[in-house]
Number of protein chains: 2
Amino acid sequence: MTQLALIESARDFNRFYTNFLGLLNKAYLDTPFTLTDARVLFEIGSHDGVNAGLLARDLHLDPAYLSRILKRFREEDFIETSPDPTDQRSQIITVTGKGRAQFEELGQRSNAQIAARFDTLADGEAQAAVAAMRTIRSILDPQAKPAAAIIRPHRAGDIGWIVQSQGRFYAEEYGWDLRFEGLVAEVAGKFLANFDPEMEYCWIAERGGINLGSVLITNGGDGVAKLRLLYVDKAARGLGLGRQLVDECIAFSRRKGYRQISLWTNDILHAARAIYQKAGFRLVSEERHRMFGPEANGQTWVLDL
Amino acid sequence: MTQLALIESARDFNRFYTNFLGLLNKAYLDTPFTLTDARVLFEIGSHDGVNAGLLARDLHLDPAYLSRILKRFREEDFIETSPDPTDQRSQIITVTGKGRAQFEELGQRSNAQIAARFDTLADGEAQAAVAAMRTIRSILDPQAKPAAAIIRPHRAGDIGWIVQSQGRFYAEEYGWDLRFEGLVAEVAGKFLANFDPEMEYCWIAERGGINLGSVLITNGGDGVAKLRLLYVDKAARGLGLGRQLVDECIAFSRRKGYRQISLWTNDILHAARAIYQKAGFRLVSEERHRMFGPEANGQTWVLDL
DNA sequence: CGCTTTTAATTGACTGAGTCAACTAATTTG
DNA sequence: CAAATTAGTTGACTCAGTCAATTAAAAGCG
């Protein structure tokens with residue numbers, strides 16, 4: 001559950017933007033089009049050759065309603081429809097010259113409306129607003145998420161991110177208290193303070209500048225590599241990132257001549273456990289503890305390299 | 001005239017967000033309210049005592065239409081109206097208990113809707129989206145009263161946030177290496193691990209669910225409180241948050257019977273230095289160091305309570 | 001293959017959200 | 001103090017949007 005203050009902020013913005021869009025959409029007032037008409041015409045104009053079903057789904061319109069709009073457009077000679085040769089039920093929609101003219105006219109109007117608003121802004125403000133819009137879109141639009149997750153070494157801020165995300169996650173999910181976050185911070189802090197680039201490493205999984213996961217290898221001495229702080233954000237589960245991170249650890253440890261990897265985890269973390277098992281780790285010891293409030297089952301796993 | 005590409009991007013976002021809001025507003029589907037009803041009820045609920053004219057202007061509604069909505073609300077016993085004593089034409093609108101219950105119910109629904117969407121996002125993504133929303137709003141909404149920043153005690157994730165934001169900031173701004181972030185993590189980790197709620201405290205400055213600043217007081221022994229990790233995010237400088245955080249520290253330390261506050265900082269941090277000076281701290285020692293890469297001037301300041 | 005089920009698009013039959021103009025009553029203007 | 005303006009209400013209407021039923025093609029299935 002996301003924190004309430006964030007949600008309230010988002011709602012607040014939505015109210016504001018509902019209003020704002022309402023104003024912008026007055027642009028259609030002195031045209032023969034409603035907002036919905038305009039949306040449909042725009043969608044057809046920019047994706048020539050769509051069919052009605054797709055249109056209805058994309059714009060979340062009632063098929064019956066859409067059908068009537070299209071009928072009107074056909075009568076007005078804005079569009080033409082022809083049955084899809086591969087599916088005779090489906091109609092392929094194309095814009096006529098007249099329709100395209102209308103489409104462009106609407107675009108002009110819409111642009112003018114926004115330009116008028118933007119022209120009242122200081123230099124750079126419009127840029128900043130549009131950049132922010134892109135940010136929102138890339139996050140909220142499921143179709144606009146082509147950015148692939150990458151795995152890279154840590155840099156400034158990443159260790160803090162690890163502390164923050166783990167601290168928050170275990171508190172929310174398992175009710176662990178802040179001592180856990182404290183432990184993570186100490187472990188992570190020591191890692192940085194005594195960082196030995198020859199024998200230690202930190203991997204961060206990231207997508208579009210947003211961190212999604214992490215893991216690190218520290219030198220436990222005696223030829224033992226310690227795998228620590230494996231974490232994958234809830235938004236990125238099921239992409240195989242956890243597995244990839246662990247694989248990086250194993251490959252690195254082999255390369256560096258460690259003879260064993262050891263790790264400490266808790267039995268409630270089923271997904272992590274599955275990854276370790278699959279990678280060949282074996283459970284060597286287990287003990288109940290209440291280090292962070294609720295009772296938990298600490299486990300030590302090792303992998304001989 | 002703003003450049004076309006910017007405008008097109010904004011339009012693109014508007015189309016996307018029109019769609020997005022359309023989906024969110026399905027939340028009202030199984031209530032007796034339309035979106036407009038909900039907007040009106042919300043506006044009344046959060047600005048008790050408005051009049052119809054103001055409402056119509058703020059929400060850009062037809063006065064006739066609004067009048068009918070209000071009539072219905074009056075009949076349903078959600079609101080009461082009484083003539084404004086200073087202008088007998090005008091009606092002052094107040095919510096009844098029943099109305100307030102509805103208002104809160106709608107709020108819940110709306111929150112749940114957004115929470116559901118946010119729960120599919122990475123932690124940082126939701127934050128980034130809301131931050132971007134705030135950016136847009138502050139630019140496009142002329143009367144955007146930026147949500148007030150609050151100062152609150154720390155909770156899960158906050159200590160990690162401190163590490164992250166300081167680590168990133170000092171690296172970007174002053175080129176300090178990761179040992180600095182390591183030090184912060186260790187300090188912060190120890191604070192949590194050995195937290196003494198009687199004599200220690202952490203303050204977080206937050207606005208709309210987004211952290212903006214922090215400071216903590218740890219027990220240095222011998223009646224000395226240590227002020228550590230004062231930080232205010234770039235986005236919130238100049239609001240007096242730094243001063244407020246330090247004031248909290250001083251008041252807390254007095255209350256708890258400390259005889260002195262001591263802190264360690266670096267001379268390049270001019271804004272912080274000004275705050276300390278103004279609060280009555282005095283510089284007691286200074287030494288050059290290269291703890292984090294570039295040469296820097298460490299300073300110790302104390303305040304006798 | 002034939003039978004049922006699903007899917008694309010359309011049509012019939014409504015309804016109620018939102019608009020526009022006219023009106024009352026209080027207030028402001030000149 | 002008459003004329004103009006403003007706050008709010010009511011009458012009359014329309015058309016955007018909904019829901020259920022229908023047709024026809026395609027897909028699923030034993």
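Scope of the values below: all heavy atoms of this structure, side chains included, with no hydrogens, waters or symmetry mates. Just so it is clear: chains get the letters A, B, ... in the order the sequence lines come, proteins before strands, and each one is counted from 1.
Nucleotide D:dA24 holds its P atom 19 Å from the CG atom of A:D84, rounded to whole Å. The interatomic distance linking A:R39 (CZ) with D:dA16 (P) rounds to 15 Å, in whole Å. Atom CG of B:L35 is separated from atom C1' of D:dT18 by 17 Å (rounded to the nearest Å). Rounded to a whole Å, the CG atom of B:L54 is 15 Å from the P atom of D:dT6. For A:D62 and D:dC15, the CG to C1' distance is 15 Å, given to the nearest whole Å.
On a pure distance criterion of 3.5 Å, no polar donor-acceptor pair joins the side chain of B:R68 and the base of D:dG8.
Listed by chain and residue number, B:D12 satisfy the salt bridge (charged side-chain N to carboxylate O under 4.0 Å, His left out) test with B:R15 (two or more places apart in sequence, or in another chain). Partners of A:I275 by side chain to side chain contact (heavy atoms under 4.5 Å, CB included), not counting sequence neighbours, listed by chain and number: A:R243, A:V246. For A:R134, there are no salt bridge (charged side-chain N to carboxylate O under 4.0 Å, His left out) partners two or more places apart in sequence or in a different chain. Scanning for salt bridge (charged side-chain N to carboxylate O under 4.0 Å, His left out) contacts around B:E8 gives B:R11, with sequence neighbours left out. For A:R74, there are no salt bridge (charged side-chain N to carboxylate O under 4.0 Å, His left out) partners at least two apart in sequence or on another chain.
Within residues 70-82 of chain A, the residues that place at least one heavy atom under 4.0 Å from DNA chain C are, in residue-number order, A:K71, A:R74.
Using modelled atom types, one side-chain atom of B:D158 and one backbone atom of B:R155 make a donor-acceptor pair closer than 3.5 Å. When atom types are taken as modelled, the side chain of B:T135 and the backbone of B:A131 share a donor-acceptor pair closer than 3.5 angstrom.
Pairs passing the salt bridge (Lys or Arg N to Asp or Glu O under 4.0 Å) check and including a residue from residues 36-51 of chain B, sequence neighbours excluded, read B:D37-B:R72. For residues 78-109 of chain B, every residue pair satisfying the ring pair (Phe, Tyr, Trp, His ring centres under 6.0 Å) rule, not counting sequence neighbours, is listed here: B:F33-B:F78, B:F42-B:F103, B:F73-B:F78.
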Could you give the side-chain donor-acceptor pairs of residues 53-62 of chain B under 3.5 Å, partners two or more places apart or in another chain?
residue: B:H60; atom: ND1; partner: A:N19; partner atom: OD1; Å: 2.7
residue: B:D62; atom: OD1; partner: B:A64; partner atom: N; Å: 2.7
residue: B:D62; atom: OD1; partner: B:Y65; partner atom: N; Å: 3.1

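Ring centers of B:F20 and B:F13: at least 6.0 Å apart, outside the cut-off.
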Identify each atom pair where a protein N or O and an N or O of nucleotides 2-8 of chain C are less than 3.5 Å apart, giving names and distance.
residue: C:dT7; atom: O2; partner: A:R89; partner atom: NH1; Å: 2.6

With the criterion being N/O to N/O and under 3.5 Å, what pairs connect the protein with nucleotides 2-4 of chain D, and how long is each?
none

Pairs under 3.5 angstrom, nitrogen or oxygen only, protein versus nucleotides 14-16 of chain C, please.
none

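More than 12 heavy atoms of other residues, nucleotides or ligands lie within 6.0 Å of NZ in B:K98, so this atom counts as buried by the packing criterion.
No hydrogens or angles considered: a donor-acceptor pair under 3.5 Å links the side chains of A:N51 and A:S90.
Each of A:Q88 and A:L66 was assigned the nucleotide of DNA chain D with the nearest heavy atom; the assignment lying further toward the 5' end belongs to A:L66.
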